[in-house]
*Asks:* 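Below are the structure tokens for one structure; questions will follow.
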Amino acid sequence: MTLNDILAKNRESIINRWFDLIVDSYPQNTADFIKSEKNRFANPVGWTIKKGIEDIFEGIIQNKSDAQFFPILDDIIKIRAVQEFTPSEAISFIFLLKQAMCEKIAIENTELFAIESKIDTLASISLDIFMECREKIKQLKTNEGKK
Amino acid sequence: MAKEPKPQEIISQINYKPPQKAWMDIPVEIKEGMFCYGAKEKSLQTLDFPNARAWSVLDEDWKLPEKWDKIVLEGMAERLKKYRSFKIFMDICVRCGACADKCHFFLGSGDPKNMPVLRAELLRSIYRKNFTAAGKILGKLGGGRKLTIDVLKEWWYYFYQCSECRRCSVFCPYGIDTAEITMIARELLNLLGLNIEWIAGPAANCYMKGNHLGLEPHTIKNSIDFLVDEIEEKTGVRVSPTFNRKGAEILFVTPSGDLFADPGTYTCMGYLMLFHELGLDYTWSTYASEGGNFGFFTSMELAKRLNTKLYSEAKRLGVKWILGGECGHMWRVINQYMDTFNGPADFLEVPTSPITGTEFTNAKSTKMTHISEFTADLIKHKKLNLDPKRNDHLKVTFHDSCNVARGMGMFEEPRYVIKSVCNNFYEMPENTIREKTFCCGSGSGLNASENMELRLRGGLPRANAVKHVQEQYGVNMLACICAIDRAALPPLMNYWVPGVDVTGVTELVANALVMKGEKERTTNLRGEDLSWIEDEESKSTDETQIRV
Ligand code: SF4
Ligand code: SF4
């Protein structure tokens, strides 16, 4: 079985664990809420993270090109760009995928290395998007200031 | 060689969980992007407010008066006596948590102190400690705590992160209205000169000049004249509004922002066109030149002061009743508070449409009618010649402004108007509209530029619902009936849902309105080309001919 096959087989448990790890960076009662409320409109942050990481995971399995990850990452990063995260904190959610994988599947160092470089690429794309978002917020502030 | 650790082993040592502490033990940390600048000395002086001084939020020393804690506690005692609702709200919360996840600021930020129940608890803990036996004796165990400078800063930070939208109150089984708790908290903060400039500045302007922007009469006239020229260019019809005209039947009042900033200006052009087409006997006032009331975000006393001006002007001009434009909190003040402040306005008559004869008995006491009610009534009686096709390039959804929805209970009229002038209308999901509508994130005077992160977070739940109808139906226009929305929603859409624009409802009406003597409309009020209408018309004629 290739690593991609193993990932596909364990899709749900890895994604769920990944989601929990991301959400646990919020204060406890917030995290409890984000995990439990399933309605998209009652829980925009939880829904966006869940949908986003599902799509990222799928993209990794399907070996999507880097460019195809932009719109997928955009929705999550936009939220993190307004939530007081430093750039490294904002993109840390990508790295949590490693932890989720390691916890859920037996994975050898060589295999991890292969997927690690993909994850690193996603992190640097995320950083670019994050900086773009911050730039946009700055612009919005300036535009408003002119009014 | 040392054994290489397994990835699992390395990763399991990292702890991503933040430490768990009780909320009282987490000190406030004032962060950039989350607060508005402090009120300026000059603004507070103009309003005769205490402790006017130069100060900065990020300074350690907020230059408070001596015995500031005594001032706050006495202020609290006075208000507990004066407002029965405040006393009840302090006493009856059972901390059931039904409101906790209903605040857009909590949903967008994840900060537990933005949960309505905790926001209220910031104040309630001081109430318990100082005004209840259990709190006095048990202290922290009884949910009480001492009023310290850190508590005061926490109040300031979080009560200026509540847009007084009342969404939480819809879900509270006891009807506790956290917005009103915020109002009281802000009153208490104002006893120490702790307002924000984005509120104090406009309120001072309004007090001196009659509007938030501080526009003088000639400037108001000039900007409306400019809009008159624009209308003539687009429609070929020259409208002729009057100003401060004694003996007019109706006084028209709208937020001053609509005279200047797009897209509000198009809505303002819409009013001018509609009233001209009807031949309405109305006047603008350059003194009561503001529908909004930033006093309302400060204290009841200041809200009353600013509200008085509308009625004094109506009296001076001798009009019969007041027609109000598309504004949010103007209507909350009129509907919920005006009657207690300044009512009943017995010197005026019950608003009656001179066109349809409809008597607006809901405004029997305040004598002020909403433009959407007025327009819906005109449409119902078929008094307007409308061509909705002109809005066919738009796929419209409607944002219920908190104040008009929850503060006034008006849901149907704007929808009826939009559906009469647009062929493509799509609702956002049920739990995001009408009484459950999500705030724009910038209400109650929080629409400054320095707190953009706060506004974007608070606006996320609203934007998220707009994004849904954009994906589902291709919605490209967000309609609203509030001037703060017209100012606050464009940056929100720009960030979260690019491709969706913002409009007032009366702008949509004016674009569909077929006026007597108008020239062929080649553009809409925004100057956007309408030639596609002809193309579509000829296309459909061709199709009919083929079918024949
Ligand atoms: S819903 Fe009402 S009673 Fe329950 S915690 Fe909120 S304010 Fe208190
Ligand atoms: S009134 Fe609105 S902003 Fe204030 S706590 Fe309630 S939901 Fe949040």
Side-chain angles (χ1 to χ4, degrees), chain A residues 20-34 36-37 39-48 75 78-84 89 92-93 95-96 98-109 111-113 116 133-134 136-147, chain B residues 4 6-12 14 16-18 20-21 23 26 31 33-34 97 100-102 104 106-112 114-115 118 257 260-261 428-432 436 438 447-457 460-461 463-465 467-468 487-488 490-492 494-496:
Chain A
D20 284 354
L21 287 169
I22 297 171
V23 174
D24 281 340
S25 67
Y26 289 92
Q28 172 104 49
N29 23 15
T30 306
D32 292 347
F33 161 73
I34 293 181
S36 60
E37 173 60 63
N39 182 287
R40 170 178 176 177
F41 305 103
N43 180 10
V45 171
W47 190 87
T48 307
D75 286 343
K78 259 188 193 163
I79 292 181
R80 297 180 81 82
V82 298
Q83 283 191 334
E84 288 170 17
E89 283 167 352
S92 63
F93 76 96
F95 296 113
L96 292 172
K98 280 193 222 176
Q99 183 178 352
M101 286 190 322
C102 291
E103 283 180 23
K104 292 294 165 188
I105 54 178
I107 189 167
E108 287 307 316
N109 284 0
E111 289 171 328
L112 184 67
F113 182 75
E116 241 179 356
C133 289
R134 293 302 311 170
K136 185 146 192 191
I137 295 169
K138 225 196 277 168
Q139 248 174 39
L140 292 175
K141 283 188 184 184
T142 322
N143 293 348
E144 290 286 283
K146 279 192 215 134
K147 273 189 194 166
Chain B
E4 200 187 334
K6 282 257 176 209
Q8 281 91 334
E9 288 163 12
I10 305 173
I11 287 168
S12 63
I14 305 170
Y16 292 91
K17 279 207 172 206
Q20 295 307 318
K21 275 187 180 171
W23 70 266
I26 302 172
K31 292 183 182 160
M34 299 302 295
D101 54 3
K102 303 303 185 295
H104 50 288
F106 170 68
L107 294 178
S109 70
D111 181 347
N114 274 322
M115 290 176 170
L118 261 194
F260 269 85
M428 284 182 271
E430 175 278 329
N431 53 350
T432 72
K436 292 184 203 144
F438 276 118
N447 53 325
S449 53
E450 63 268 22
N451 64 336
M452 186 55 76
E453 283 86 345
L454 174 77
R455 293 174 50 189
L456 291 173
R457 288 172 179 198
L460 168 63
N464 175 53
K467 191 162 189 278
H468 172 73
L492 194 69
N494 188 337
Y495 186 77
W496 295 113

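Every chain is numbered from 1 and lettered A, B, ... according to where its sequence line falls, protein lines coming before strand lines. As a basis for the values below, the full set of heavy atoms in this structure was taken, side chains included, without hydrogen atoms, waters or symmetry mates.
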*Asks:* Looking at B:D111 and B:R457, does any basic side-chain N land under 4.0 Å from a carboxylate oxygen?
*Replies:*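 Not counted as a salt bridge, because no side-chain N and carboxylate O are separated by less than 4.0 Å.
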
*Asks:* For residues B:A465 and B:T432, report the shortest heavy-atom separation together with the two atoms involved.
*Replies:*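 Closest pair (atom of B:A465, atom of B:T432, distance): CB-OG1, 3.6 Å.
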
*Asks:* Taking side-chain hydrogen bond (donor to acceptor under 3.5 Å, both in side chains) as the test, write out the residues that go with A:K78, two or more places apart.
*Replies:*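 Result, side-chain hydrogen bond (donor to acceptor under 3.5 Å, both in side chains) vs A:K78: none returned.
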
*Asks:* Could you pull out the closest heavy-atom pair between B:L456 and B:P491, with the gap in Å?
*Replies:*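 Smallest interatomic distance, heavy atoms only, reads CD2-O, 4.3 Å.
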
*Asks:* Taking every heavy-atom pair that is under 4.5 Å apart, which of B:R455, B:K102, B:M428 has the most such pairs with chain A?
*Replies:*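 Top option by heavy-atom pairs under 4.5 Å: B:R455.
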
*Asks:* Under 4.5 Å heavy-atom distance to chain A, tell me which part of B:N431 shows up: side chain, backbone, both or neither.
*Replies:*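 Side chain only.
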
*Asks:* Return the set of residues passing ring-ring contact (aromatic ring centres under 6.0 Å, His included) with A:F93 (not counting sequence neighbours), or none when no residue passes.
*Replies:*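 Partners of A:F93 under the ring-ring contact (aromatic ring centres under 6.0 Å, His included) test: none.
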
*Asks:* Checking A:F33 against chain B: side chain, backbone, both or neither under 4.5 Å from a heavy atom?
*Replies:*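 A:F33 touches chain B through side-chain heavy atoms alone.
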
*Asks:* Name the region of B:F260, side chain, backbone, both or neither, that has any atom closer than 4.5 Å to a heavy atom of chain A.
*Replies:*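 Answer is neither: B:F260 stays 4.5 Å or more from chain A.
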
*Asks:* Counting distance only, does the side-chain N/O of B:N451 pair as donor-acceptor with the main-chain N or O of B:L454 below 3.5 Å?
*Replies:*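 Answer holds: no.
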
*Asks:* Name the member of A:Q139, A:E37, A:K136, A:K138 that forms the most heavy-atom pairs with chain B at distances under 4.5 Å.
*Replies:*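 The residue among A:Q139, A:E37, A:K136, A:K138 with the greatest pair count is A:K136.
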
*Asks:* Determine the minimum heavy-atom distance between B:G110 and A:T30, stating which atoms define it.
*Replies:*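 Distance-wise, the nearest heavy atoms are O-OG1, 2.7 Å.
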
*Asks:* Who among A:N43, A:V45, A:I79 has the most heavy-atom pairs with chain B under 4.5 Å?
*Replies:*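 Max contact count across the listed options: A:I79.
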
*Asks:* Could you check which of B:A100, B:P429, B:G108 has the highest count of heavy-atom pairs closer than 4.5 Å to chain A?
*Replies:*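 Most pairs with chain A among the choices: B:P429.
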
*Asks:* Just so I understand: if I count every heavy-atom pair under 4.5 Å between each of A:T48, A:I34, A:D75 and chain B, which residue has the most?
*Replies:*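 Among the listed options, the one with the most contacts to chain B is A:D75.
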
*Asks:* Checking B:H104 against chain A: side chain, backbone, both or neither under 4.5 Å from a heavy atom?
*Replies:*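 Neither; nothing under 4.5 Å.
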
*Asks:* Side chain, backbone, both or neither: which part of A:R134 has a heavy atom under 4.5 Å from chain B?
*Replies:*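 Side chain only.
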
